[in-house]
Amino acid sequence: MTITSAHLGSPSAVWTDARLLYALEEVVETELNRHLKVAKDWMPHEYVPWSDARNFPGLFEDGEAWEKEQSKVTEIGRIALVVNLLTEDNLPSYHHEIASLFGRDGAWGTWVHRWTAEEGRHGIVMRDYLLASRAVDPDKLEAFRMAHMSEGFESDNRHSMLHSVAYVAFQELATRISHRNTGHQSGDPVCDRMLARIATDENLHMVFYRNLLKAAFELAPDLTMQAVRDVVVNFRMPGHGMPGFERAAAQMAIGEVYNMRIHHDDVLQPVLRHLKVLEMDGLGAEGLQAQEELGMFMGGLDAEALKFDEKLAARKARMAARAAGA
(Lines give C-alpha, C1' and ligand atoms only; values in the text may rest on other atoms or scores of the structure.)
Protein backbone atom coordinates (compact mmCIF):
# COMPACT_ATOMS: atom_id res chain seq x y z
CA MET A 1 0.00 0.00 0.00
CA THR A 2 1.23 3.49 -0.84
CA ILE A 3 -0.22 6.60 0.83
CA THR A 4 0.67 10.23 0.25
CA SER A 5 1.38 12.32 3.32
CA ALA A 6 1.78 16.04 3.86
CA HIS A 7 3.84 15.41 6.98
CA LEU A 8 6.97 14.18 5.25
CA GLY A 9 8.16 17.63 4.25
CA SER A 10 7.80 17.04 0.52
CA PRO A 11 4.60 17.01 -1.53
CA SER A 12 5.96 14.12 -3.56
CA ALA A 13 6.95 12.04 -0.52
CA VAL A 14 4.90 8.96 0.27
CA TRP A 15 4.56 6.44 3.07
CA THR A 16 4.63 2.80 2.09
CA ASP A 17 4.19 -0.15 4.42
CA ALA A 18 7.91 -0.86 4.00
CA ARG A 19 8.86 2.69 5.03
CA LEU A 20 6.52 2.60 8.01
CA LEU A 21 7.93 -0.73 9.15
CA TYR A 22 11.47 0.60 8.91
CA ALA A 23 10.60 3.88 10.65
CA LEU A 24 8.93 2.06 13.56
CA GLU A 25 11.58 -0.67 13.96
CA GLU A 26 13.38 1.11 16.79
CA VAL A 27 10.11 1.63 18.67
CA VAL A 28 9.27 -2.05 18.23
CA GLU A 29 12.66 -3.03 19.67
CA THR A 30 12.16 -0.73 22.67
CA GLU A 31 8.67 -2.06 23.31
CA LEU A 32 9.80 -5.66 22.85
CA ASN A 33 12.56 -5.23 25.44
CA ARG A 34 10.10 -3.58 27.85
CA HIS A 35 7.61 -6.40 27.29
CA LEU A 36 10.18 -9.11 27.94
CA LYS A 37 11.14 -7.46 31.24
CA VAL A 38 7.59 -7.28 32.60
CA ALA A 39 6.03 -10.43 31.08
CA LYS A 40 6.07 -13.47 33.36
CA ASP A 41 6.19 -17.00 32.04
CA TRP A 42 3.51 -19.29 33.43
CA MET A 43 2.60 -22.94 33.12
CA PRO A 44 -0.81 -23.71 31.58
CA HIS A 45 -1.04 -27.08 33.35
CA GLU A 46 -0.92 -25.33 36.74
CA TYR A 47 -4.30 -23.69 36.07
CA VAL A 48 -6.21 -26.87 35.14
CA PRO A 49 -8.25 -28.90 37.69
CA TRP A 50 -6.82 -32.25 36.62
CA SER A 51 -8.29 -34.04 39.68
CA ASP A 52 -11.78 -33.37 38.27
CA ALA A 53 -10.93 -35.08 34.96
CA ARG A 54 -12.12 -38.52 33.91
CA ASN A 55 -12.26 -40.55 30.73
CA PHE A 56 -14.69 -39.85 27.93
CA PRO A 57 -16.17 -42.71 25.88
CA GLY A 58 -13.93 -43.92 23.09
CA LEU A 59 -10.83 -46.01 23.54
CA PHE A 60 -11.54 -46.33 27.24
CA GLU A 61 -14.21 -48.80 28.31
CA ASP A 62 -14.80 -46.89 31.51
CA GLY A 63 -15.44 -43.61 29.67
CA GLU A 64 -18.27 -41.46 30.99
CA ALA A 65 -20.45 -39.57 28.53
CA TRP A 66 -20.61 -35.78 28.85
CA GLU A 67 -23.63 -34.17 30.51
CA LYS A 68 -24.16 -30.48 31.18
CA GLU A 69 -24.82 -31.06 34.89
CA GLN A 70 -21.29 -32.39 35.41
CA SER A 71 -19.83 -28.85 35.46
CA LYS A 72 -20.40 -25.91 37.78
CA VAL A 73 -19.85 -23.41 34.93
CA THR A 74 -22.87 -21.20 34.24
CA GLU A 75 -24.65 -21.23 30.88
CA ILE A 76 -23.34 -17.78 29.89
CA GLY A 77 -19.87 -18.84 31.05
CA ARG A 78 -20.07 -21.93 28.85
CA ILE A 79 -21.13 -19.90 25.79
CA ALA A 80 -18.42 -17.27 26.29
CA LEU A 81 -15.71 -19.85 26.95
CA VAL A 82 -16.45 -21.60 23.66
CA VAL A 83 -16.42 -18.29 21.74
CA ASN A 84 -13.17 -17.23 23.39
CA LEU A 85 -11.49 -20.59 22.79
CA LEU A 86 -12.57 -20.82 19.15
CA THR A 87 -11.17 -17.32 18.68
CA GLU A 88 -7.84 -18.45 20.13
CA ASP A 89 -7.92 -21.56 17.93
CA ASN A 90 -7.35 -19.52 14.78
CA LEU A 91 -3.86 -18.58 15.98
CA PRO A 92 -2.19 -20.13 12.88
CA SER A 93 -4.14 -17.72 10.68
CA TYR A 94 -3.36 -14.76 12.94
CA HIS A 95 0.33 -15.63 12.89
CA HIS A 96 0.29 -15.84 9.11
CA GLU A 97 -1.39 -12.43 8.88
CA ILE A 98 0.96 -10.53 11.17
CA ALA A 99 4.07 -12.33 9.92
CA SER A 100 3.10 -11.35 6.37
CA LEU A 101 2.47 -7.74 7.40
CA PHE A 102 5.28 -7.19 9.92
CA GLY A 103 7.90 -9.62 8.62
CA ARG A 104 9.93 -12.35 10.30
CA ASP A 105 13.23 -10.51 10.69
CA GLY A 106 14.63 -8.08 13.24
CA ALA A 107 12.61 -6.75 16.17
CA TRP A 108 9.35 -7.10 14.24
CA GLY A 109 9.97 -10.79 13.63
CA THR A 110 11.03 -11.43 17.23
CA TRP A 111 7.82 -9.82 18.44
CA VAL A 112 5.66 -11.79 15.99
CA HIS A 113 7.05 -15.11 17.22
CA ARG A 114 6.99 -14.12 20.90
CA TRP A 115 3.38 -12.95 20.64
CA THR A 116 2.40 -16.18 18.91
CA ALA A 117 4.08 -18.29 21.60
CA GLU A 118 2.32 -16.40 24.38
CA GLU A 119 -1.06 -16.60 22.66
CA GLY A 120 -0.56 -20.33 22.18
CA ARG A 121 -0.73 -20.82 25.94
CA HIS A 122 -4.23 -19.37 26.00
CA GLY A 123 -5.73 -21.98 23.73
CA ILE A 124 -3.87 -24.77 25.53
CA VAL A 125 -5.04 -23.89 29.03
CA MET A 126 -8.61 -23.07 28.01
CA ARG A 127 -9.13 -26.36 26.17
CA ASP A 128 -7.53 -28.37 28.97
CA TYR A 129 -9.75 -26.61 31.52
CA LEU A 130 -12.93 -27.16 29.49
CA LEU A 131 -12.21 -30.87 29.04
CA ALA A 132 -10.97 -31.57 32.57
CA SER A 133 -13.89 -29.73 34.18
CA ARG A 134 -16.39 -31.11 31.64
CA ALA A 135 -17.71 -27.60 31.03
CA VAL A 136 -18.61 -28.29 27.38
CA ASP A 137 -19.57 -31.17 25.12
CA PRO A 138 -16.15 -32.30 23.78
CA ASP A 139 -17.56 -33.65 20.51
CA LYS A 140 -19.38 -30.41 19.70
CA LEU A 141 -16.34 -28.37 20.70
CA GLU A 142 -14.15 -30.30 18.28
CA ALA A 143 -16.76 -30.02 15.51
CA PHE A 144 -16.89 -26.24 16.04
CA ARG A 145 -13.08 -26.06 15.99
CA MET A 146 -12.87 -27.94 12.72
CA ALA A 147 -15.56 -25.81 11.08
CA HIS A 148 -14.03 -22.53 12.27
CA MET A 149 -10.42 -23.34 11.42
CA SER A 150 -11.37 -24.83 8.06
CA GLU A 151 -12.70 -21.39 7.10
CA GLY A 152 -9.45 -19.72 8.17
CA PHE A 153 -9.29 -16.03 9.02
CA GLU A 154 -8.72 -12.90 6.97
CA SER A 155 -8.45 -9.60 8.77
CA ASP A 156 -10.49 -6.63 7.60
CA ASN A 157 -7.24 -4.65 7.90
CA ARG A 158 -4.81 -6.91 6.06
CA HIS A 159 -4.40 -4.26 3.32
CA SER A 160 -2.44 -1.93 5.62
CA MET A 161 0.06 -2.39 8.42
CA LEU A 162 -1.02 0.93 9.94
CA HIS A 163 -4.66 -0.19 10.05
CA SER A 164 -3.51 -3.51 11.49
CA VAL A 165 -1.57 -1.83 14.31
CA ALA A 166 -4.58 0.36 15.09
CA TYR A 167 -6.89 -2.68 15.10
CA VAL A 168 -4.84 -4.82 17.47
CA ALA A 169 -4.43 -1.89 19.89
CA PHE A 170 -8.20 -2.08 20.42
CA GLN A 171 -8.71 -5.79 19.80
CA GLU A 172 -6.18 -6.94 22.42
CA LEU A 173 -8.00 -4.84 25.02
CA ALA A 174 -11.35 -6.18 23.83
CA THR A 175 -10.06 -9.74 24.24
CA ARG A 176 -8.75 -8.96 27.71
CA ILE A 177 -12.14 -7.57 28.75
CA SER A 178 -14.01 -10.51 27.25
CA HIS A 179 -11.83 -13.06 29.07
CA ARG A 180 -12.02 -11.17 32.36
CA ASN A 181 -15.79 -10.80 32.27
CA THR A 182 -16.20 -14.43 31.25
CA GLY A 183 -14.27 -15.42 34.36
CA HIS A 184 -16.47 -13.24 36.55
CA GLN A 185 -19.63 -14.75 35.06
CA SER A 186 -18.41 -18.36 34.95
CA GLY A 187 -19.46 -19.38 38.46
CA ASP A 188 -16.17 -21.22 38.97
CA PRO A 189 -13.26 -19.64 40.88
CA VAL A 190 -10.80 -21.93 39.06
CA CYS A 191 -12.03 -20.65 35.70
CA ASP A 192 -11.91 -17.07 36.97
CA ARG A 193 -8.25 -17.43 38.01
CA MET A 194 -7.32 -19.01 34.68
CA LEU A 195 -8.94 -16.26 32.64
CA ALA A 196 -7.43 -13.57 34.86
CA ARG A 197 -4.00 -14.98 33.98
CA ILE A 198 -4.85 -14.89 30.27
CA ALA A 199 -6.22 -11.36 30.59
CA THR A 200 -2.90 -10.22 32.06
CA ASP A 201 -1.14 -11.36 28.89
CA GLU A 202 -3.72 -9.65 26.68
CA ASN A 203 -3.25 -6.39 28.57
CA LEU A 204 0.52 -6.47 27.98
CA HIS A 205 -0.10 -7.10 24.29
CA MET A 206 -2.47 -4.13 24.20
CA VAL A 207 0.16 -1.88 25.81
CA PHE A 208 2.71 -2.95 23.19
CA TYR A 209 0.43 -2.05 20.29
CA ARG A 210 -0.95 1.07 21.95
CA ASN A 211 2.57 2.43 22.41
CA LEU A 212 3.35 1.55 18.81
CA LEU A 213 0.22 3.38 17.71
CA LYS A 214 1.36 6.42 19.70
CA ALA A 215 4.65 6.41 17.80
CA ALA A 216 2.75 6.14 14.52
CA PHE A 217 0.74 9.24 15.45
CA GLU A 218 3.99 11.14 16.00
CA LEU A 219 5.37 9.89 12.71
CA ALA A 220 2.35 10.23 10.41
CA PRO A 221 -0.54 11.84 12.33
CA ASP A 222 -2.98 12.26 9.45
CA LEU A 223 -2.58 8.72 8.20
CA THR A 224 -2.78 7.25 11.68
CA MET A 225 -5.90 9.26 12.49
CA GLN A 226 -7.54 7.94 9.34
CA ALA A 227 -6.53 4.38 10.23
CA VAL A 228 -7.94 4.71 13.75
CA ARG A 229 -11.20 6.14 12.40
CA ASP A 230 -11.56 3.30 9.91
CA VAL A 231 -10.80 0.65 12.51
CA VAL A 232 -13.12 2.03 15.18
CA VAL A 233 -16.03 2.59 12.82
CA ASN A 234 -15.74 -0.87 11.24
CA PHE A 235 -14.53 -2.84 14.27
CA ARG A 236 -15.33 -6.55 14.41
CA MET A 237 -14.01 -9.16 16.81
CA PRO A 238 -11.81 -11.80 15.13
CA GLY A 239 -14.27 -14.60 15.98
CA HIS A 240 -17.07 -13.15 13.87
CA GLY A 241 -16.88 -15.97 11.33
CA MET A 242 -17.32 -18.89 13.73
CA PRO A 243 -20.47 -21.06 13.70
CA GLY A 244 -23.34 -19.45 15.62
CA PHE A 245 -21.34 -16.33 16.47
CA GLU A 246 -24.23 -13.87 16.13
CA ARG A 247 -26.43 -15.78 18.58
CA ALA A 248 -23.55 -16.30 21.00
CA ALA A 249 -22.60 -12.61 20.79
CA ALA A 250 -26.19 -11.62 21.60
CA GLN A 251 -26.19 -13.91 24.64
CA MET A 252 -22.85 -12.54 25.77
CA ALA A 253 -24.21 -9.01 25.43
CA ILE A 254 -27.21 -9.78 27.64
CA GLY A 255 -24.96 -11.66 30.05
CA GLU A 256 -22.72 -8.57 30.33
CA VAL A 257 -19.63 -10.34 29.07
CA TYR A 258 -19.27 -8.07 26.05
CA ASN A 259 -21.76 -5.55 24.68
CA MET A 260 -21.97 -2.05 23.23
CA ARG A 261 -21.60 -0.31 26.59
CA ILE A 262 -18.54 -2.38 27.46
CA HIS A 263 -17.11 -1.85 23.98
CA HIS A 264 -17.54 1.94 24.24
CA ASP A 265 -16.53 2.45 27.87
CA ASP A 266 -13.91 -0.24 28.48
CA VAL A 267 -12.29 -0.74 25.07
CA LEU A 268 -12.55 2.22 22.71
CA GLN A 269 -12.56 5.08 25.21
CA PRO A 270 -9.49 4.01 27.25
CA VAL A 271 -7.25 3.77 24.17
CA LEU A 272 -8.56 6.98 22.61
CA ARG A 273 -8.25 8.81 25.92
CA HIS A 274 -4.74 7.54 26.65
CA LEU A 275 -3.50 8.68 23.24
CA LYS A 276 -5.55 11.91 23.38
CA VAL A 277 -6.81 11.08 19.91
CA LEU A 278 -9.85 13.36 19.93
CA GLU A 279 -7.87 16.29 21.39
CA MET A 280 -4.90 15.96 19.06
CA ASP A 281 -3.87 19.07 17.14
CA GLY A 282 -1.42 19.73 14.32
CA LEU A 283 -3.43 17.67 11.86
CA GLY A 284 -3.89 18.35 8.17
CA ALA A 285 -7.25 18.55 6.43
CA GLU A 286 -7.66 14.77 6.04
CA GLY A 287 -6.61 14.13 9.62
CA LEU A 288 -9.02 16.74 10.95
CA GLN A 289 -11.87 15.24 8.95
CA ALA A 290 -11.06 11.76 10.27
CA GLN A 291 -10.88 13.10 13.83
CA GLU A 292 -14.26 14.81 13.48
CA GLU A 293 -15.86 11.69 12.01
CA LEU A 294 -14.38 9.58 14.81
CA GLY A 295 -15.80 11.92 17.43
CA MET A 296 -19.24 11.79 15.81
CA PHE A 297 -19.13 8.01 15.66
CA MET A 298 -18.22 7.74 19.35
CA GLY A 299 -21.11 10.04 20.24
CA GLY A 300 -23.50 7.90 18.21
CA LEU A 301 -22.16 4.69 19.74
CA ASP A 302 -22.64 6.11 23.23
CA ALA A 303 -26.26 6.93 22.38
CA GLU A 304 -26.82 3.39 21.05
CA ALA A 305 -25.18 1.95 24.16
CA LEU A 306 -27.56 4.00 26.32
CA LYS A 307 -30.55 2.46 24.53
CA PHE A 308 -29.06 -0.98 25.12
CA ASP A 309 -28.52 -0.15 28.81
CA GLU A 310 -32.19 0.79 29.16
CA LYS A 311 -33.37 -2.41 27.47
CA LEU A 312 -31.06 -4.51 29.63
CA ALA A 313 -32.27 -2.79 32.81
CA ALA A 314 -35.90 -3.39 31.80
CA ARG A 315 -35.14 -7.05 31.13
CA LYS A 316 -33.52 -7.43 34.55
CA ALA A 317 -36.54 -5.80 36.18
CA ARG A 318 -38.92 -8.22 34.44
CA MET A 319 -36.84 -11.22 35.49
CA ALA A 320 -36.67 -9.97 39.08
CA ALA A 321 -40.45 -9.49 39.14
CA ARG A 322 -41.00 -13.03 37.85
CA ALA A 323 -38.61 -14.43 40.44
CA ALA A 324 -40.39 -12.54 43.21
CA GLY A 325 -43.76 -13.81 42.08
CA ALA A 326 -42.67 -17.41 41.77
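Quick caveat, the model's predicted, so the values are computed rather than measured.
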Legend entry - Side-chain donor or acceptor of Asn157 paired with backbone N/O of Ser164 under 3.5 Å: no

Inset, instruction - Determine whether Phe144 and Met149 fall in the same hydrophobic cluster, where Ile, Leu, Val, Met, Phe, Trp and Tyr are linked whenever their side-chain heavy atoms lie under 4.5 Å apart. - result: no

Inset, instruction - Indicate yes or no: at least one non-hydrogen side-chain atom of His95 is less than 4.5 angstrom from one of Pro92. - result: no

Inset, instruction - State plainly whether one hydrophobic cluster holds both Trp50 and Tyr129, where clusters connect Ile, Leu, Val, Met, Phe, Trp and Tyr through side-chain heavy atoms under 4.5 angstrom apart. - result: yes

Inset, instruction - Using the test side-chain contact (heavy atoms from CB on, under 4.5 Å), find all partners of Gln269 that sit at least two apart in sequence or belong to another chain. - result: His264, Arg273, Met298

Legend entry - Neighbour count above 12 (heavy atom, 6.0 Å) for Glu26 CD: no

Legend entry - Main-chain N/O of Gln185 paired with Thr74 side-chain donor or acceptor, under 3.5 Å: yes

Inset, instruction - Examine distances only and state if a side-chain atom of Glu97 and a backbone atom of Ser93 form a donor-acceptor pair shorter than 3.5 Å. - result: no

Inset, instruction - Say whether, by atom type as modelled, one donor and one acceptor occur between the side chain of Glu25 and the main chain of Ala107 under 3.5 angstrom. - result: yes

Legend entry - Side-chain (Gln70) to main-chain (Ala65) donor-acceptor, under 3.5 angstrom: yes

Legend entry - Positive for side-chain hydrogen bond (donor to acceptor under 3.5 Å, both in side chains) with Arg229, one of Glu293, Gln289, Glu292, Gln291: Glu293

Inset, instruction - Verify the neighbour count for atom CE of Met319: are there more than 12 heavy atoms of other residues, nucleotides or ligands below 6.0 Å? - result: no

Legend entry - ILVMFWY network linking Val207 to Leu32, side-chain heavy atoms under 4.5 angstrom: yes

Legend entry - Nearest non-hydrogen partners of Ala169 and Leu213, listed with the distance: CB-CD2, 4.1 Å

Legend entry - Residue list, salt bridge (charged side-chain N to carboxylate O under 4.0 Å, His left out) with Asp188, at least two apart or on another chain: none

Legend entry - Ser178 side chain to Thr175 backbone, donor-acceptor under 3.5 Å: no

Legend entry - Sub-4.5 Å side-chain heavy-atom contact between Ile98 and Val168: no

Inset, instruction - Find the distance between NE2 (His159) and CG (Asp17) and round it off to the nearest 0.5 Å. - result: 9.0 Å

Legend entry - Side-chain heavy atoms of Leu81 within contact of Cys191, under 4.5 Å: yes

Legend entry - Non-hydrogen side-chain atoms of Val228 and Phe217 separated by less than 4.5 Å: yes

Legend entry - Sequence-distant partners of Asp156, salt bridge (charged side-chain N to carboxylate O under 4.0 Å, His left out), two or more places apart: Arg236

Inset, instruction - Could you grab the distance from atom CG of Asn234 to atom OH of Tyr167, nearest 0.5 Å is fine? - result: 11.5 Å

Inset, instruction - State, yes or no, whether a side-chain contact exists between Asn211 and Thr30 at a heavy-atom distance under 4.5 Å. - result: no

Inset, instruction - Please list, chain by chain and in numerical order, all residues satisfying salt bridge (charged side-chain N to carboxylate O under 4.0 Å, His left out) with Arg134, sequence neighbours excluded. - result: none

Legend entry - Partners passing ring pair (Phe, Tyr, Trp, His ring centres under 6.0 Å) against His263 (at least two apart in sequence or in another chain): Phe235, Tyr258

Inset, instruction - Report yes if some heavy atom in the side chain of Ile177 is under 4.5 Å from a heavy atom in the side chain of Leu173; otherwise report no. - result: yes

Inset, instruction - Scan residues 174-186 for pairs that pass salt bridge (charged side-chain N to carboxylate O under 4.0 Å, His left out), counting only residues two or more places apart or in two chains. - result: Arg180-Asp192

Inset, instruction - Mind jotting down which residue pairs meet the side-chain hydrogen bond (donor to acceptor under 3.5 Å, both in side chains) criterion with at least one end in residues 99-113? Sequence neighbours excluded, please. - result: Trp111-Tyr209

Legend entry - Same cluster (ILVMFWY, side-chain, under 4.5 Å), Val27 and Leu275: yes

Legend entry - Close side-chain approach of Asn90 and Met242, heavy atoms under 4.5 Å: no

Legend entry - Set of residues satisfying salt bridge (charged side-chain N to carboxylate O under 4.0 Å, His left out) with respect to Asp265, sequence neighbours excluded: Arg261

Inset, instruction - State which residues pass side chain to side chain donor-acceptor pair (under 3.5 Å) with Asp62; sequence neighbours excluded, sorted by chain then number. - result: Asn55

Legend entry - Any donor-acceptor N/O pair, Ser150 side chain to Met146 backbone, under 3.5 Å: yes

Inset, instruction - Kindly say whether Ala216 contributes a backbone atom to a donor-acceptor pair with the side chain of Thr224 at under 3.5 angstrom? - result: yes

Legend entry - side-chain contact (heavy atoms from CB on, under 4.5 Å) partners of Asp41, counting only residues at least two apart: Arg114, Arg121

Inset, instruction - Report yes or no: does Asn203 contribute a side-chain atom to a donor-acceptor pair with the main-chain N or O of Ala199 at less than 3.5 Å? - result: no

Legend entry - Distance in Å, Ile79 CD1 paired with Gln251 CD, rounded so as to fall on 0.5 Å steps: 3.5 Å

Inset, instruction - Kindly state each residue pair satisfying salt bridge (charged side-chain N to carboxylate O under 4.0 Å, His left out) with at least one member in residues 63-75, sequence neighbours excluded. - result: Arg54-Glu64, Lys68-Glu75, Glu75-Arg78

Legend entry - Test: Lys316 and Glu256 ion pair at under 4.0 Å: yes

Inset, instruction - Compute the ring centroids of Trp115 and Phe208, then answer whether they are less than 6.0 Å apart. - result: no

Inset, instruction - Mark yes or no for whether Trp66, through its side chain, and Phe56, through its backbone, hold a donor-acceptor pair below 3.5 Å. - result: no

Legend entry - salt_bridge(Lys276, Glu279) N-O dist < 4.0 Å: no

Inset, instruction - Please check if Leu86 and Ile124 belong to a single hydrophobic cluster, counting links between Ile, Leu, Val, Met, Phe, Trp and Tyr side chain heavy atoms closer than 4.5 Å. - result: no

Inset, instruction - List, by chain and number, the other hydrophobic cluster members for Val38, where Ile, Leu, Val, Met, Phe, Trp and Tyr join if side-chain heavy atoms come within less than 4.5 Å, directly or indirectly. - result: Leu204

